[in-house]
Amino acid sequence: MTTLPPGPPDPLLSQRALLVLLTAAFLGTVIGVLTFFSEGSAATAVVAGLVAAGASTLGLHMLIGR
């Protein structure tokens, strides 16, 4: 009796998860840069970018179908 060789391993992230996370990172970066240009404070820009990335992750998770 012969056995089949194991197939390739499953990917670490699904395509949907990768799309959600990359889009959230992009939006967080854009918001952070725009906040830095308007406020001039790096700390404020980082906080705004992180909040935007977190909020957009939740929103995109609900928006993009499974």
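Computed from a predicted structure; not experimentally measured.
Taking hydrophobic clusters as Ile, Leu, Val, Met, Phe, Trp and Tyr residues chained together by side-chain heavy-atom distances below 4.5 Å, F26 does not share a cluster with V33. Taken together through direct or relayed side-chain contacts under 4.5 Å among Ile, Leu, Val, Met, Phe, Trp and Tyr, V51 and I31 form parts of separate hydrophobic clusters.
Closest approach of G28 to A52, counting heavy atoms only: CA-CB, 4.2 Å. Shown here for L60 and A24, the closest heavy-atom pair between the two residues is CD1-N, 3.9 Å. Residue G32 comes nearest to A45 through the heavy atom pair O-CB, 3.2 Å, listed as atom of the first residue, atom of the second, then distance. Smallest separation of non-hydrogen atoms from H61 and V20: N-CG1, 4.3 Å.
We find the CG-OG1 distance between L21 and T57 to be 6.0 Å, quoted to the nearest 0.5 Å. Rounded to the nearest 0.5 angstrom, L58 CG and L63 CG are separated by 12.5 Å. Between the OG1 atom in T23 and the CG atom in L18 there is a gap of 8.5 Å [rounded to 0.5 Å].
In this structure, the side chain of S56 engages the main chain of A53 through a donor-acceptor pair within 3.5 Å.
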